[in-house]
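These notes are about the structure you will find just below.
Note on naming: letters A, B, ... go to the chains in the order of the sequence lines (proteins, then strands), and numbering restarts at 1 for each one.
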2 protein chains.
Amino acid sequence: MTAPIAPADLRSAMILASVRRAFMEKGFDGASMQDLAREAGMSVGNFYRYFPSKAAIVEALITGDLTDLERDFSDILVSPNPMGRLRQTIKRHVEDSLCNGEGRLWAEITAVSLRKPEIAVIVGQMEIALVRNLTTVFSISSGLPLTDVIDRYAAHASFVVMMVMASSMQACDAGKQNADLTALVLRTINQTLDEIPQMTLKG
Amino acid sequence: MTAPIAPADLRSAMILASVRRAFMEKGFDGASMQDLAREAGMSVGNFYRYFPSKAAIVEALITGDLTDLERDFSDILVSPNPMGRLRQTIKRHVEDSLCNGEGRLWAEITAVSLRKPEIAVIVGQMEIALVRNLTTVFSISSGLPLTDVIDRYAAHASFVVMMVMASSMQACDAGKQNADLTALVLRTINQTLDEIPQMTLKG
DNA sequence: ACGGCAAGAATGAACGTTCATTCATGCATT
DNA sequence: AATGCATGAATGAACGTTCATTCTTGCCGT
């Protein structure tokens, strides 16, 4: 049987979605529980029925992002041309995430993760998941065993992740400057992916 | 005559140096004035004789970093081979800044600058200064007029800055993973700099 | 050499505010 | 009547900031 989605979980997910705005505008330390509750459209007391503490919200938020990423990759992995699909997903992500506020959140998460070990663990899990997913794509498109790919190209995966993150954290001025920079980022990512061997198709 | 350094300025500079640790460990919002004062080895009240508010400390801290950068570049610009000197300065910076806590501070600054316009202004000035300095180096080593270089290679400069920042914000695990990643970062930076035309030396 | 004294460096308790968290209470629905 | 969801006022701790006060220093007339 499929796991039934508890209504409370659904509610929690909706709360997490609304709460992002408050965190974007004020930061994790700057946003108060009052702010979060207001943004979620409920009272402070009721808020605590869904999340036992402020720290729990932050952790749930990051964990939720990890779930989203897994979903993106499951799409990529089942596609007929995973590597091509990966490239276009990254392109879209880099071009869209410029001014949508998602970068603010990631900058916040990065800063906190370098400071708080318990957050570092969660972010570390996410990066491990990303690298595993990326190397899996590499493995499929190259035909090499996953273990070999991890040995040789894990750093390539990390590097791509780093570039995507970094470009999402750029200040958005919507000028030529940013467009040129985005182009350079995408070119570099593509060059990095070009270094992964490709399986020669048999006719 | 050289501008005399007021003792108060010297003291402020020392306070800024000591205060970095508190900000690294707790973040800009997380560190209290009591924390900062304790780290600076003085009472809270006395602390306010040197900085009128918490925001002023943050701004002074970032501005101080800008001054440091200008000093680095003045060394580079007067060297006989500015481009080579630039490469080795970047290499040293990327390799050293991995686990020394400077990345924590930059992650914090990045996050705040995406959130607070007044901080964004200061960080923006720093990035402008960096790009101007880098393009000046490009201009010298290529022989092209500065305006041309800015037109064509400002994005290259921004890109290099972005890479250096991003790699300093990586979590430090001191393993093979990080070493490989750093190698990729440095390779990419060098490739980017290779695209700047070099003046042919005349014998 | 020495007591008196102004100047300002330094202190930490106090202030008003805001924070995360809790709890007594109300309002449906059964 | 009873159960579960929701409220927002209450609580105590901690925050940034201020301020009355105490130390430290160096100079003065003697």
Sugar-phosphate, base or nothing in reach of A:Met33, heavy atoms under 4.0 Å: base
Minimum-distance nucleotide to A:Ser32 side chain [options: D:dC15, C:dT21, C:dC19]: C:dC19
Nearest to side-chain heavy atoms of A:Tyr50, which nucleotide of C:dT21, D:dA6, D:dT17: D:dA6
Any A:Tyr48 side-chain nitrogen or oxygen under 4.0 Å from OP1 or OP2 of D:dC5: no
Lys/Arg-Asp/Glu bridge criterion (N-O < 4.0 Å) met for B:Arg152, A:Asp180: no
Spacing between B:Leu36 atom CG and D:dA14 atom C1', to the nearest angstrom: 14 Å
d(CG, A:Asp35; P, C:dC19) in whole Å: 7 Å
Basic-acidic side-chain contact under 4.0 Å: B:Glu195, A:Arg187: yes
Spacing of A:Phe28 atom CZ relative to C:dC19 atom C1', expressed in whole Å: 18 Å
Short side-chain N/O contact to D:dT7 OP1/OP2 from A:Asn46, under 4.0 Å: yes
Working for side-chain hydrogen bond (donor to acceptor under 3.5 Å, both in side chains), residues B:Ser32 and B:Asp35: CA-CA 5 Å; B:Ser32 71; B:Asp35 290 333; 3.2 Å; yes
Restricting both atoms to N or O, compile the protein contacts to nucleotides 27-30 of chain C shorter than 3.5 Å, with distance only.
none

Residue-phosphate contact under 4.0 Å: B:Arg38 side-chain N/O, C:dG12 OP1/OP2: no
Toward the 5' end of DNA chain D, by each residue's nearest nucleotide, B:Gly30 or A:Met42: A:Met42
Any residue meeting side-chain hydrogen bond (donor to acceptor under 3.5 Å, both in side chains) with B:Gln34, in chain and number order, not counting sequence neighbours: none
Partner of A:Arg20 by salt bridge (charged side-chain N to carboxylate O under 4.0 Å, His left out), out of A:Glu102, A:Glu25, A:Glu39: A:Glu102
pair B:Phe23-B:Glu108: side-chain heavy atoms closer than 4.5 Å: no
5′-ward residue of the pair A:Lys26/A:Gly45 relative to DNA chain C: A:Lys26
Whole angstrom value for the distance that separates P of D:dG16 from CZ of B:Phe51: 16 Å
Distance, rounded to the nearest Å, where A:Phe47 contributes CZ and C:dA20 contributes P: 10 Å
Touch class at under 4.0 angstrom, heavy-atom based, for A:Ala31 against every strand present: sugar-phosphate
Salt bridge flag under 4.0 Å for residues A:Glu127 and A:Arg132: no
